[in-house]
2 protein chains.
Amino acid sequence: MAKKTIMIVEDDPAISEMLSINLSKEGYDVLSAGSADEALKVVEEKDVDFFIVDIMLPGSMDGFDLIRILKSSEAHKSTPVLILSAKDDAADKVAGLELGSDDYVTKPFNVRELLARIKSIFRRQTTASQMKEEGPKKIIAKDLIIDTERLEVWVRGELVSLTPLEFDLLVFLAKNEGKVFNRDVLLDKLWGYDYYGDTRTVDVHIRRLRTKIEEDPSNPKYIITVRGKGYKFRDPGKEKND
Amino acid sequence: MAKKTIMIVEDDPAISEMLSINLSKEGYDVLSAGSADEALKVVEEKDVDFFIVDIMLPGSMDGFDLIRILKSSEAHKSTPVLILSAKDDAADKVAGLELGSDDYVTKPFNVRELLARIKSIFRRQTTASQMKEEGPKKIIAKDLIIDTERLEVWVRGELVSLTPLEFDLLVFLAKNEGKVFNRDVLLDKLWGYDYYGDTRTVDVHIRRLRTKIEEDPSNPKYIITVRGKGYKFRDPGKEKND
DNA sequence: TTATATTTTAATGAATTTTTAAGGTTAAAA
DNA sequence: TTTTAACCTTAAAAATTCATTAAAATATAA
């Protein structure tokens, strides 16, 4: 059987090169691109059997856009795609899987594991469609409805407009109703491991979220502060502890 | 929380000192070494939680050698390492990443960013260890329910509000039901090894905890004083033993 | 590009938590 | 009984954490 060709689409040259070295060592042919545009150009000329795609890419297209284009092309509609991402965000993961990606790996990753996963994907390269459902499409908590499919949030019958970050934050907290998350965990989950900003930035987003979904933002019913520990989502409709 | 110790391995005293001052200001304990040899000596005697390593070092070993040795030791195989380098060389970066370093910063660097990166590396380290949650999510002792996920405590059907320290103290004692801890051990476990305050401060927190969870705080059922020895948690539901 | 929306930083004050300190109480030893 | 050491209790000082706002920086869309 001919050598398989793997394309890495990743803007960090260090990661790209490290992957390239390791994949070559494993016996794959490797192509690299630093952006989605570049990747599409290369794909025109070379045969690619597998894509490793970073979500965060420079330029007008991100990794999702690239995957969308690839999957809509005749040549690559069933070529495996593995997503690399800085954040372990369920929404991103779902989005990727819905686009037809085969795996989702969070940076920083273990190289051995990554190689194993690639091998495994090649092995079971049958009809993929093993999309695992992650939670309900709609989250309803009292007067709050979060539609994760339409990306809409309704409060007391009104559609409210959230920014992407606010939406992700709300969905993450709501999907883990009751569980307390400290700021560091939230930064990792929603901003990604390579976020170098201030931890207080979480507070500000919580505040803005509250002004949008709470009746009285200073006395929140949904997004609760657990002093010294973090924040949690509460469903005011549910009764006490069991 | 205990203070983290960062070791700087850098031969340029100007850079070393500048980093040292800034890291101290951020609340870290700082150790310095001017060569790999020196670093290895210090590591024998002191606990180090993070290494900042310059690649170009005087003597027979360079930064890569040092990292290789550290990573092969049991004590530091998973201690974070940040590489400082004068050249923004992809090959060096790759080599560093392959050795297991966590970040790579090129001189001259922005101090603010460096501090942020260190913080971020610590962040994902702690979140990684938080993943392996041990013990049950709920601790139940007679009329007392401790929910370690929601960070809630229920007493006789009522939700009581504890401060972070009170909560941690209660969880620690309850997880070790029956075992007696003296004040010094409690200070070590809950305040951190570098706490230099009064040992009586434990009494005060025990007192406040009792007023919140005990029916009669002066005749406690849950948090028992063992005179001359310390405190222990008891489950009044269980039968007594000698 | 400019304009607009979003995100981050920074700074203040308020509220809560933690520590200190000091006198009171209790239990065991002298 | 007296003494002593350990513990309890309370109040106030000190430190920390959070909410809030506005402005600066950044990203996105027109």
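So you know, we letter chains A, B, ... as the sequences are listed, proteins then strands, and number each from 1. Note that the coordinates shown come from a computational prediction; the quantities given were computed from them, not determined experimentally.
Residue A/R208 is the one, among A/R208 and B/L162, whose nearest nucleotide of DNA chain C lies closer to the 5' end (criterion: closest heavy atom).
Side-chain contact check for A/R183 and A/Y231: at least one donor-acceptor pair (N or O, by modelled atom type) lies under 3.5 Å.
Counting heavy atoms of neighbouring residues, nucleotides and ligands inside a 6.0 Å radius, atom CE of A/M61 exceeds 12 of them. Residue-environment remark: CD (B/E177) exceeds the threshold of 12 foreign heavy atoms within 6.0 Å.
In this structure, CG of A/D198 is placed 10 Å from P of C/dT8, rounded to the nearest angstrom. Going from atom CG of A/D203 over to atom C1' of C/dA15 covers 14 Å, rounded to whole Å.
When the side-chain nitrogen and oxygen atoms of A/T225 are compared with OP1 and OP2 of D/dA19, one or more of them lie within a distance under 4.0 Å. The phosphate of C/dT7 has neither OP1 nor OP2 within less than 4.0 Å of any side-chain N or O from A/W191. Contact between the side-chain N/O atoms of B/R183 and the OP1/OP2 oxygens of D/dC7 is found at a separation under 4.0 Å. Checking the phosphate oxygens (OP1, OP2) of C/dT9, no side-chain nitrogen or oxygen of A/R200 falls inside 4.0 Å. Taking only side-chain nitrogens and oxygens, A/Y231 comes nearer than 4.0 Å to OP1 or OP2 of D/dA19. A sub-4.0 Å separation between OP1 or OP2 of C/dT18 and a side-chain N or O of B/T163 is present. The side chain of A/R207 places an N or O atom within less than 4.0 Å of a non-bridging phosphate oxygen (OP1 or OP2) of D/dT20. Applying the 4.0 Å criterion to OP1 and OP2 of C/dT20, one finds that B/Y196 has every side-chain N and O outside that range.
With C/dA10, D/dA5, D/dT9 as the choices, the nucleotide that has an atom nearest any side-chain atom of B/R227 turns out to be D/dA5. Distance from the side chain of B/P164 is smallest to C/dT18 among C/dT19, C/dT8, C/dT18. Of the candidate nucleotides D/dA19, D/dT9, D/dC8, D/dC8 has the atom nearest to the side chain of B/R210.
Closest approach of A/N182 and A/K229 over heavy atoms only: CB-O, 3.0 Å.
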